[in-house]
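Below is one structure, written out as structure tokens; the observations come after it.
Below, each value reflects all heavy atoms present in this structure, side chains not excepted, and no hydrogens, waters or symmetry copies. Here is how names work: the chains are called A, B, and so on, in the same order as the sequence lines, proteins then strands, and each is numbered from 1. Quick caveat, the model's predicted, so the values are computed rather than measured.
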2 protein chains.
Amino acid sequence: MTLPKHTILLVEDEVEPAEMLANFLEMSDYNLLVAHNGKKALELIEKNASDIHLAVLDIMVPHVNGKEICRVIRKHPVLSDIPVIFLTAKDKEKDEIEGLELGADDYISKPASLKLVKAHIESLLRRQQPQNSKWIQYGNLYLDTSGKDLYQKETRIELTSTEYGLIELFFQNPKRVYTRQEILEHIGGDDRFVFDRTVDVHIKNLRLKMGDDSDMIKTYRGMGYGLNRDKIVL
Amino acid sequence: MTLPKHTILLVEDEVEPAEMLANFLEMSDYNLLVAHNGKKALELIEKNASDIHLAVLDIMVPHVNGKEICRVIRKHPVLSDIPVIFLTAKDKEKDEIEGLELGADDYISKPASLKLVKAHIESLLRRQQPQNSKWIQYGNLYLDTSGKDLYQKETRIELTSTEYGLIELFFQNPKRVYTRQEILEHIGGDDRFVFDRTVDVHIKNLRLKMGDDSDMIKTYRGMGYGLNRDKIVL
DNA sequence: GGGCAGCGTCATAATTCTGTCTCAATTTAT
DNA sequence: ATAAATTGAGACAGAATTATGACGCTGCCC
């Protein structure tokens with residue numbers, strides 16, 4: 001099973017607080033990768049790059065400091081777009097500005113409560129979604145853009161490539177209505193010469209597979225199809 | 001001017017610091033909309049919704065507090081995706097967590113330097129995805145030309161394609177009066193052979209859906225229909 | 001070659017929208 | 001004030017649009 005459990009890289013030199021935070025986050029259903037120094041952090045990045053969704057970095061860690069790690073992440077082919085949170089002692093405003101310029105997304109002053117850190121993490125992950133995460137979620141539906149398939153809660157729904165193309169189009173732009181022509185162009189790749197109404201059939205097949213969530217795809221009569229805006233909750 | 005300037009909504013009750021920050025940001029090539037209390041903030045949001053790219057909110061402001069404003073923004077058809085930054089006194093961790101859960105994107109403890117605030121703003125704008133929906137606003141009404149529907153404040157109004165065609169025509173040329181023939185040509189596509197009284201019926205249906213704002217569409221007796229010039233504020 | 005899955009087309013059923021009609025309400029003209 | 005003209009509202013039939021089920025075609029894997 002591959003439900004979108006997020007993996008967080010935590011880099012923090014003080015062992016005790018790091019463990020506490022890691023445990024707390026694991027209880028909240030995240031996977032954790034923990035490093036207590038910069039070298040270890042870089043190793044973890046090397047080995048697990050494609051799994052990491054967010055990084056929490058203490059600025060002051062042995063060997064390679066947080067800023068350096070952030071720079072590595074931002075240049076990394078797979079990781080360059082993940083959210084990065086810096087942790088640091090209070091009142092180091094200079095660090096904070098530098099961090100932001102380096103491309104950090106957020107900044108938390110220590111000491112910070114576990115709940116606070118979690119709130120920051122969730123806020124970032126929530127906004128992260130549409131762009132570059134491999135998962136896009138609406139309601140019960142999770143689209144895996146790298147595996148090219150769709151999950152309804154925890155069960156996988158097999159899609160044909162045309163059906164995947166449809167749902168991907170809708171998920172990428174949840175508030176838009178697409179005309180049949182636009183849809184055809186997206187799923188056909190090239191503008192093949194295909195009857196309009198064929199789209200209806202694919203929509204029907206897709207809805208069938210979506211079961212209870214079939215009303216997530218809405219017919220905008222006279223216009224085309226799109227997601228059901230009333231069911232989209234951010 | 002090279003780049004399209006970003007417009008920032010700043011809500012902060014203390015006049016002196018607000019001015020300083022506003023000036024500083026204007027020097028950095030942003031447009032500023034400043035409110036010193038919640039009521040004013042809501043007005044600015046009403047009138048300038050489609051121009052605002054980011055909001056900086058103090059939590060404690062008179063009339064309507066920052067959290068409430070954030071909630072309004074998140075429910076607003078045009079603004080729901082902009083970055084929101086909260087400003088607050090240090091160590092109000094509870095506020096901070098609540099703010100993040102409300103969908104704030106960032107949180108800055110006061111006092112904060114001008115440069116720090118700017119760094120946060122730039123960090124958020126940098127990550128903001130380009131918006132591809134086009135909005136036209138008059139009064140409480142927001143027309144979403146990519147989603148093909150109409151919002152009345154924050155509630156969506158479902159329109160048929162004919163009704164959408166009508167309102168689109170009026171919104172594109174708010175000061176014009178259209179004869180029934182012109183209206184028919186616009187919504188019919190081709191000049192179908194249809195009684196011009198049919199327009200009356202569509203107008204009626206549209207007004208019905210518009211509820212309190214039904215008087216936004218005015219009857220120009222003997223001429224046709226158009227937007228109510230008295231209710232258009234430019 | 002047979003079986004199968006995916007796609008496109010068609011015919012027909014189901015649904016929603018549009019256009020017309022009638023009558024009431026409102027405004028304008030005499 | 002009354003009549004004439006214009007617009008608003010409700011109801012309804014049939015037009016237009018969409019949903020569905022069935023079928024043939026293609027390419028792929030045994």
List, with names and distances, any nitrogen or oxygen atoms from the protein found under 3.5 Å away from nitrogen or oxygen atoms belonging to nucleotides 23-30 of chain C.
residue : atom : partner   : partner atom : Å
dT26(C) : O2   : Arg221(B) : NH2          : 3.3

- Item | Lys/Arg N to Asp/Glu carboxylate O, Asp105(A) vs Arg74(A), below 4.0 Å | yes
- Applying side chain to side chain contact (heavy atoms under 4.5 Å, CB included), run through Lys47(B) and Gln137(B) and close with a yes or a no. CA-CA 9 Å; Lys47(B) 294 209 174 143; Gln137(B) 176 200 9; 6.0 Å; no
- Message: So that I know where these two stand, are Tyr178(A) and Tyr225(A) an aromatic pair - ring centroids less than 6.0 Å apart?
- Response: no
- Are Tyr142(B) and His76(B) close enough that their ring centers fall under 6.0 Å? yes
- Query: Listed in order of residue number, which residues of residues 195-211 of chain B have a non-hydrogen atom at under 4.0 Å from DNA chain D?
  - Reply: Arg197(B), Asp200(B), Lys204(B), Arg207(B)
Presence of [X] side-chain N/O under 4.0 Å of [N] phosphate oxygens OP1/OP2:
| X | N | value |
| --- | --- | --- |
| Tyr164(A) | dG6(C) | no |
| Tyr220(A) | dC17(C) | no |
| Ser161(A) | dC7(C) | yes |

- When Ile8(B), Ile73(B), Leu9(B) are each screened for side-chain contact (heavy atoms from CB on, under 4.5 Å) with Ile82(B), the one that passes is Ile73(B)
Please write out each protein N/O paired with an N/O of nucleotides 25-30 of chain D under 3.5 Å, distance rounded to 0.1 Å.
none

- Task: List the steps, then state whether salt bridge (Lys or Arg N to Asp or Glu O under 4.0 Å) holds for Asp144(B) with Lys175(A).
- Result: CA-CA 9 Å; Asp144(B) 176 354; Lys175(A) 295 186 180 179; over 6 Å; no
